[in-house]
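Down below is the structure, laid out as structure tokens.
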Protein chains: 2
Amino acid sequence: MRGQALKGHLDLLLLAILADGARHGYAIIDELRERSDEAFDLPEGTVYPALHRLQKGGFLSSEWTEVQGRRRRTYRLTEQGRGALGEQRVAWNNFTEAMSRVLKGAAWPDTP
Amino acid sequence: MRGQALKGHLDLLLLAILADGARHGYAIIDELRERSDEAFDLPEGTVYPALHRLQKGGFLSSEWTEVQGRRRRTYRLTEQGRGALGEQRVAWNNFTEAMSRVLKGAAWPDTP
DNA sequence: GTTGACACATAGCTAAACATAGTATAGATT
DNA sequence: AATCTATACTATGTTTAGCTATGTGTCAAC
């Protein structure tokens, strides 16, 4: 996927993944890749800072766990995060609808 | 509409508007606002630099016209711009489909 | 003992949307 | 006459957020 498409929509993706249950960062990356059919193959440098930002904003909580010698930081949605997910879903729907209205008006270059 | 949602999708919008015929910057802003039902009310500081960027990239051509004492720079799609519009439409579809796949998996906070 | 998957962190770059301000004309309002 | 509003473009600077790059460390496999 071309790079900057998900600008501004990454938070929604992360919140949506975590709405299905608490996960650690690496697992979130995996699941994003799988659910999107490889479309979203996000680098760690994208996801980890975003998770930190969301936690700082109060949308996520986290705790350290240790699994077979490997430390993991497991994130889960807060109440506020659940609310934000709902809002961002609505915003996403509004956005795509506005996009379609604009795109619908335009002539298709490939179809005469 | 919340500001930064269209990050990375503005070019597609501009190309789509211009696919219906040549227009000058201010008219593009107007039509974007109308077609989107006020959702996209973009400031000039967003649109004009984007038009310059698209022209610099070879996707648009422009010429000065004078209408009732007011100078206008009228933009039109180049052949390359028409191609880019097609590509970006496909990319947009892929993007929204990937988003829905991720969002579909997630539990809705409002619906039990 | 080196490679590769797992798992996290962060300093710094960059692009792009946006804020802000400035220039200038035309027409309506005061 | 003066001011305001809409029209129309330009330039400068800020900010945000995704990404690159790099570093740390564990474990299993080869």
Side-chain angles (χ1 to χ4, degrees), chain A residues 1-15 17 22-34 36 39-57 59-60 62-75 88 91 95 98-99, chain B residues 1-15 17 22-34 36 39-57 59-60 62-75 88 91 95 98-99:
Chain A
M1 163 139 315
R2 10 178 305 275
Q4 57 289 36
L6 50 77
K7 281 250 179 187
H9 308 291
L10 176 59
D11 292 4
L12 171 56
L13 290 173
L14 299 177
L15 294 173
I17 295 282
R23 277 166 184 79
H24 64 286
Y26 205 85
I28 294 173
I29 293 177
D30 278 347
E31 191 162 343
L32 258 172
R33 186 174 44 236
E34 285 165 24
S36 71
F40 299 140
D41 191 5
L42 306 186
E44 296 159 307
T46 292
V47 174
Y48 288 122
L51 290 171
H52 298 164
R53 181 162 37 82
L54 286 170
Q55 177 166 17
K56 203 172 172 186
F59 304 107
L60 303 181
S62 75
E63 50 188 18
W64 283 107
T65 53
E66 183 105 3
V67 176
Q68 288 175 324
R70 286 206 190 90
R71 54 171 196 159
R72 295 172 169 175
R73 188 185 279 281
T74 299
Y75 292 91
Q88 293 211 23
F95 176 59
M99 285 289 291
Chain B
M1 162 138 317
R2 7 178 307 274
Q4 57 291 36
L6 51 76
K7 284 249 178 186
H9 307 291
L10 176 59
D11 292 3
L12 171 56
L13 290 173
L14 298 178
L15 295 173
I17 295 281
R23 276 167 185 79
H24 64 284
Y26 204 86
I28 293 173
I29 293 177
D30 278 348
E31 191 162 342
L32 257 171
R33 185 174 44 236
E34 284 165 25
S36 71
F40 299 140
D41 192 3
L42 306 186
E44 297 160 304
T46 293
V47 173
Y48 287 120
L51 291 171
H52 298 164
R53 177 162 39 82
L54 286 171
Q55 177 167 17
K56 203 172 170 184
F59 305 107
L60 304 180
S62 75
E63 51 188 17
W64 282 107
T65 54
E66 182 105 3
V67 175
Q68 289 175 325
R70 286 205 191 93
R71 55 173 198 158
R72 296 171 169 175
R73 187 184 281 282
T74 300
Y75 293 91
Q88 293 211 23
F95 176 60
M99 285 288 292

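Chain identifiers are assigned alphabetically (A, B, ...) following the order of the sequence lines, protein sequences preceding nucleic acid strands; residue numbering begins at 1 within each chain.
For B:Leu6, the listed nucleotide lying nearest its side chain is C:dC18; candidates were C:dC8, C:dC18, D:dA8. Among the nucleotides C:dC18, D:dT10, C:dT10, the one closest to any side-chain atom of A:His52 is C:dT10. Across D:dA8, D:dC19, C:dA17, the shortest atom-to-atom separation from the side chain of A:Leu42 is found for D:dC19. When the nucleotides D:dG18, D:dT10, C:dT25 are ranked by their closest atom to the side chain of B:Arg70, C:dT25 comes out on top. Closest to the A:Trp64 side chain, of the nucleotides C:dC8, D:dT10, C:dT25, is C:dC8.
In this model, the phosphate group of C:dA9 is approached by a side-chain N or O of A:Arg73 to a distance below 4.0 Å at OP1 or OP2. In this structure, B:Arg72 reaches the D:dA8 phosphate: one of its side-chain N or O atoms is under 4.0 Å from OP1 or OP2. One finds no side-chain N or O of B:Arg71 lying less than 4.0 angstrom from the OP1 or OP2 phosphate oxygen of D:dA8.
Once rounded to the nearest 0.5 Å, the distance linking CZ of A:Arg23 with CD of A:Glu31 reads 4.0 Å. Going from atom CG of A:Leu60 over to atom CZ of A:Arg73 covers 11.0 Å, rounded to the nearest 0.5 Å.
As judged by a 4.0 angstrom heavy-atom cut-off over every strand, B:Gly45 is placed among the base-contacting residues.
A heavy-atom distance below 4.5 Å is not found between the side chains of B:Leu12 and B:Leu6.
Atoms CD1 (A:Ile29) and C1' (C:dA7) sit 9 Å apart, rounded to a whole Å. Between A:Ile28 atom CD1 and C:dA9 atom P the separation is 11 Å, expressed in whole Å. As rounded to whole Å, 14 Å separates atom C1' of C:dA17 from atom CG of B:Asp41. The separation between B:Gln68 atom CD and D:dA8 atom P is 9 Å, rounded to whole Å. What separates NZ of A:Lys7 from C1' of D:dC19 is a distance of 8 Å, to the nearest Å. The nearest whole Å value for the distance from the OH atom in B:Tyr26 to the P atom in D:dA6 is 8 Å. A straight line from CG of A:Leu10 to C1' of D:dC19 spans 11 Å, rounded to a whole angstrom. In this structure, CD of B:Glu44 is placed 12 Å from C1' of C:dC18, rounded to the nearest angstrom.
When the nearest nucleotides of DNA chain D are assigned to A:Gly69 and A:Pro49 by heavy-atom distance, the more 5′-ward of the two goes with A:Pro49. Each of A:Pro43 and A:Glu66 was matched to the nucleotide of DNA chain D holding its nearest heavy atom; the match closer to the 5' end belongs to A:Pro43.
A pairwise comparison of heavy atoms in B:Leu51 and B:Gly25 identifies CD1-CA, 3.9 Å as the closest pair. Contact record, B:Glu44 with B:Pro49: O-CD, 3.6 Å, taken as the closest heavy-atom pair.
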